[in-house]
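Contents: one structure, followed by commentary.
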There are 2 protein chains.
Amino acid sequence: MLHGINETLKRNQLSITDSRKKILELFVRASGALAHADIENQSGTEFDRVTIYRTLQTFVEKGIIHTIPTADNSVRYALCKDACTEGHHHDDHVHFMCDDCGKTYCLDHVTVPAVALPKGFQATQTDVIVSGKCMNCA
Amino acid sequence: MLHGINETLKRNQLSITDSRKKILELFVRASGALAHADIENQSGTEFDRVTIYRTLQTFVEKGIIHTIPTADNSVRYALCKDACTEGHHHDDHVHFMCDDCGKTYCLDHVTVPAVALPKGFQATQTDVIVSGKCMNCA
DNA sequence: TAAGTTAATGCAACAATGTTGCAAAATATT
DNA sequence: AATATTTTGCAACATTGTTGCATTAACTTA
């Protein structure tokens with residue numbers, strides 16, 4: 001499972017570097033979504049701030065991770081479910097943000113409901129952000 | 001209709017000031033959502049940057065406007081539909097972001113579908129962000 | 001409406017976040 | 001192993017958001 005990290009990087013035509021391995025590992029281990037600051041904290045002073053920014057950017061472009069829309073102006077990233085198995089990505093997502101502990105969950109198994117749009121609107125992607133209490137805080 | 005601005009401020013126990021009137025007017029006139037930068041541009045150098053921040057913050061607290069979750073790290077605000085008629089707010093929202101023109105629509109009339117959450121999760125609010133092409137760009 | 005009271009504004013300084021160019025270092029290629 | 005390519009770290013900068021405090025404006029009461 002852990003050597004899947006190297007393969008994920010290779011599959012996406014990315015050079016295998018310490019920072020990319022470490023950051024991708026953080027995502028694999030994380031139960032929820034990560035903000036830039038989380039990564040900066042968890043990786044210590046090991047990598048430059050700029051490197052983290054660029055790594056996240058690269059991962060998003062390659063579809064390894066995706067951003068999660070939040071109302072509070074904090075950018076969060078989560079592993080794309082299929083990242084380690086397929087290159088397919090940017091599917092619809094349901095995310096859950098806990099008001100208590102602040103954790104963000106990517107609910108891969110929850111189906112995104114269809115939304116009835118007004119005439120003339122065409123949807124290409126639907127994100128659902130549910131907030132409330134998570135299973136640990138309820 | 002325009003003097004409704006003053007009444008909205010009064011109803012929310014806010015002093016009627018130039019900045020609040022102007023900024024609220026911008027929202028009333030705006031067809032879509034506004035970012036902090038939009039407001040700064042459209043109001044020129046009339047108000048201090050800090051004042052705009054604080055005004056937006058106040059409006060959010062009072063439920064006059066609400067933030068819209070976005071995946072691209074830009075905070076946007078939109079008028080709460082009932083802001084000028086009732087004090088009730090913070091309902092579920094469906095927002096539409098156009099990939100072409102970048103406009104954000106607050107689809108007040110679209111019902112937020114129910115989401116089936118995993119066991120133990122309790123929802124208090126649900127936001128839906130649909131992206132694609134709007135009625136003008138489709 | 002004039003005096004006093006309360007609240008909002010502007011300024012300055014700061015903190016956090018994100019970006020860009022470029023030389024040095026690491027990775028990949030032959 | 002030598003060369004070519006990519007990534008990193010540093011420095012400097014740009015943007016965005018926050019806080020404290022004196023000044024100013026708005027509200028209240030008489």
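Letters A, B, ... are given to chains in the order of the sequence lines, protein chains preceding strands, and every chain is numbered from 1.
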- Message: It should be established whether A/Ser15 places a side-chain nitrogen or oxygen under 4.0 Å from OP1 or OP2 of nucleotide D/dT6.
- Response: no
- Please determine if a side-chain N or O atom of B/Thr17 lies less than 4.0 Å away from the OP1 or OP2 oxygen of C/dT9. yes
Would you classify [X] as touching base, sugar-phosphate or nothing, given that sugar-phosphate means primed atoms plus P, OP1 and OP2, and contacts are heavy atoms under 4.0 Å?
| X | value |
| --- | --- |
| A/Ser19 | sugar-phosphate |
| A/Glu46 | sugar-phosphate |
| A/Glu40 | nothing |

- Side chain of B/Val50: nearest nucleotide among C/dC11, D/dT7, C/dT9? C/dC11
- Query: Of all the choices, C/dC11, D/dT7, D/dG17, which nucleotide is nearest to the side chain of B/Asp48 once you look at every atom?
  - Reply: C/dC11
Return the value, rounded to whole Å, for the distance between atom [atom1] of [X] and atom [atom2] of [N].
| X | N | atom1 | atom2 | answer |
| --- | --- | --- | --- | --- |
| A/Leu56 | C/dG18 | CG | P | 10 Å |
| A/Lys22 | D/dG9 | NZ | P | 12 Å |
| A/Leu9 | D/dT8 | CG | P | 10 Å |

- Task: Tell whether B/Arg54 reaches the base of C/dG10 with its side chain through a donor-acceptor pair below 3.5 angstrom.
- Result: yes
- Message: Between the base of C/dG10 and the side chain of B/Arg49, is there a donor and acceptor pair under 3.5 angstrom?
- Response: no
- Quick one: are the ring centres of A/Tyr53 and A/His36 less than 6.0 Å apart? yes
- Item | Salt bridge flag under 4.0 Å for residues B/Glu25 and B/Arg29 | yes
- Query: Nearest 0.5 Å, what's the NZ-OG1 distance between A/Lys22 and A/Thr51?
  - Reply: 13.0 Å
- Item | Candidate pair A/Ile129 and A/Thr70, rule side-chain contact (heavy atoms from CB on, under 4.5 Å), full reasoning | CA-CA 8 Å; A/Ile129 299 98; A/Thr70 61; over 6 Å; no
